[in-house]
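Report on one structure; see the data block that follows.
Counting begins at 1 with the first residue of the sequence. In listed order, ligands and their atoms are each counted from 1.
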Amino acid sequence: MLDNIQKSYIKKESIYGPDNYKPLPVVLSKAKGVWVWDVNDEKYIDMMSGYSAVSHGHAHPELLRVFHEQSSRLSLTSRAFYTDTLGPYLETITKMTGFEMCLPMNSGAEAVETAIKASRRWAYRTKKVKPGKAEIIVADGNFHGRTTTIISFSSDENSKDDFGPHTPGFVSVKYGCSKSLEAAINENTAAVLIEPIQGEGGIIVPPENYLKEVRDICTKKNVLMLLDEIQSGLGRTGKLFAYQHSCGNCSCDIGCKPNQPQESKPDGLILGKALGGGFMPVSCFLSSKEVMQWMNPGSHGSTFGGNPLAAAIAKRSIELLDEDKLIENSKVMGEYFKKSLIDMNSKIIKEVRGKGLWLGVEIDPKYISGKDLSKLCLENGILCKETHETTIRYAPPLTISKKELDWAIKKIKSVFEEVEKKAA
Ligand SMILES: *Cc1c(COP(=O)(O)O)cnc(C)c1O
């Protein structure tokens with residue numbers, strides 16, 4: 001329950017800031033690993049991880065060391081000069097992902113904008129689409145960010161109403177249906193932009209062959225396949241990238257090696273969130289030289305994009321995925337977590353979706369709303385938040401141990417039991 005200290009902080013936010021978020025009633029003050037404390041030193045387990053931006057856990061000691069070391073040496077220069085951090089970072093991320101080039105940005109939405117701009121240039125200059133005609137195909141229920149162009153192709157009314165006029169050039173088709181996607185392609189189509197699993201849309205996992213079919217269609221029709229793995233990427237689903245679950249007979253277990261054939265590998269990949277190691281906004285767009293060649297001097301940029309601090313943190317963040325075995329842990333703990341939720345056999349739970357440590361629990365609104373369930377979780381020491389009203393998302397840091405996860409599972413179970421008892 002809120003005391004006067006918490007109430008005063010909440011009041012300040014609501015007086016001096018607009019109401020564009022509706023936070024849960026808790027005021028957080030510090031965090032370490034999977035644990036977070038409020039201003040009164042009450043402890044919670046973080047099952048939200050900043051929408052998957054805190055995959056490495058809070059204040060990862062090695063990232064903290066890099067953060068201190070790099071920020072006391074060189075934080076910001078702008079891209080008007082070369083630095084001794086950007087090149088090594090670009091080399092590491094392109095080798096690790098198997099893409100030829102990486103264009104660094106800050107927020108996820110900026111990296112999506114970068115992908116849109118780069119694929120439009122490719123369409124006009126390589127594919128020779130008629131001037132001003134390029135189209136990008138997206139999926140219903142998508143979430144790619146909050147800029148005016150990106151909300152233009154959202155299907156969420158509240159995120160776009162009265163923010164127009166909207167940017168033209170986008171066509172939305174049914175998510176998970178490669179037939180409707182293929183039917184929407186014409187000679188002006190530059191790219192297809194989708195999430196391999198829709199996150200904000202409610203952890204929606206498409207049919208198993210979907211991405212491979214999209215890949216085949218894009219190749220056949222000379223259209224760029226762009227995947228937004230801002231939330232699903234970097235180990236969240238138990239593979240390095242979510243698209244690697246759809247790489248057919250690929251034999252590797254956790255993440256395909258970049259130089260192995262990958263049946264669903266996109267032409268462009270968008271990363272963000274966990275790339276910043278839970279410390280700062282870092283995002284990027286990865287693609288081929290063929291696409292990137294048109295991003296010439298003056299065409300695009302960002303004051304903070306690729307800054308030394310961001311480059312150092314991002315380089316270390318992706319190295320740690322391997323060193324700390326975070327992808328493996330996501331897979332193993334995720335399977336255990338999913339099974340535990342299903343085994344609760346709660347009548348409140350209609351479905352458990354997702355892969356790795358990225359689970360969506362679809363609840364029956366007959367018993368409780370997603371919002372009230374999130375509040376109940378909070379009162380029991382679990383930080384989580386509903387998405388799409390009836391889906392509770394559980395996405396702890398990928399560092400979570402079995403013991404910590406068991407602590408969370410026990411609490412979650414008692415929450416569901418409490419709701420059931422009340423309903424009976
Ligand atoms: C969070 C998210 C974005 C936007 O990232 P921001 O850093 O909030 O701009 C874009 N796409 C997906 C899939 C996301 O989950």
Side-chain angles (χ1 to χ4, degrees), residues 20-21 23 48-55 103-119 136 138-156 159-160 163 167 170 172 175-176 191-206 210-211 214 225-237 240-243 245 266 268-286 302 304-307 310 313-314 317 353-360 384-388 391 393-395 398:
N20 58 329
Y21 277 90
M48 173 80 185
S49 307
Y51 302 94
S52 296
V54 191
S55 286
L103 201 163
M105 298 297 280
N106 312 285
S107 71
E110 286 174 303
V112 173
E113 289 276 350
T114 303
I116 292 167
K117 287 169 79 174
S119 55
I136 293 173
V138 298
D140 300 346
N142 70 72
F143 181 84
H144 297 287
R146 301 293 196 169
T147 65
T148 17
T149 285
I150 293 171
I151 56 144
S152 299
F153 55 85
S154 167
S155 35
D156 174 20
S159 72
K160 64 191 299 183
F163 289 139
T167 310
F170 298 92
S172 193
Y175 184 65
V192 164
L193 168 63
I194 46 177
E195 298 153 87
I197 293 177
Q198 287 187 332
E200 297 312 301
I203 320 283
I204 308 296
V205 183
Y210 180 57
L211 288 185
V214 172
M225 176 180 175
L226 308 176
L227 287 183
D228 179 346
E229 292 237 26
I230 289 171
Q231 192 165 161
S232 62
L234 303 177
R236 179 47 62 186
T237 67
L240 178 58
F241 298 119
Y243 79 78
H245 289 283
L269 185 68
I270 308 161
L271 301 179
K273 293 200 166 103
L275 191 56
F279 280 79
M280 54 199 304
V282 186
S283 68
C284 73
F285 174 58
L286 292 148
S302 158
F304 289 96
N307 71 72
I313 284 282
S317 296
R353 297 187 291 266
K355 291 190 157 115
L357 282 170
W358 203 34
L359 299 177
C384 64
K385 189 102 202 277
E386 80 281 0
T387 172
H388 266 233
T391 310
R393 168 178 31 200
Y394 292 118
L398 306 184

Between Glu200 and the options Arg393, Arg146, Lys273, the salt bridge (charged side-chain N to carboxylate O under 4.0 Å, His left out) test singles out Arg393

Practice task
Measure the shortest side-chain to side-chain distance between Val192 and Ile136 over non-hydrogen atoms and say whether it is less than 4.5 angstrom.
Solution key: no

- Under the 3.5 angstrom rule, does the side chain of Gln231 hit a backbone N or O of Gly272 as a donor-acceptor pair? no

In this structure, atom 2 (C) of ligand 1 is nearest to the protein heavy atom Lys273 NZ, 2.5 Å

Ranked by distance from atom 9 (O) of ligand 1, the top protein heavy atom is Ala109 N, 2.8 Å

For ligand 1, is there an atom lying under 4.0 Å from some heavy atom of Phe143?
yes

Here the atoms of ligand 1 under 4.0 Å from any heavy atom belonging to Gln231 are 15 (O)

Next item on the list: Name the orientation class of the two ring planes belonging to Tyr210 and Tyr175 (parallel below 30°, tilted from 30 to 60°, perpendicular beyond 60°).
Entry: perpendicular

**Q.** Ser155 side chain vs Gly141 backbone, donor-acceptor pair below 3.5 Å
**A.** yes

The protein heavy atom nearest to atom 6 (P) of ligand 1 is Gly108 N, 3.4 Å

Looking only at protein heavy atoms, what sits closest to atom 11 (N) of ligand 1 is Asp228 OD2, 2.6 Å

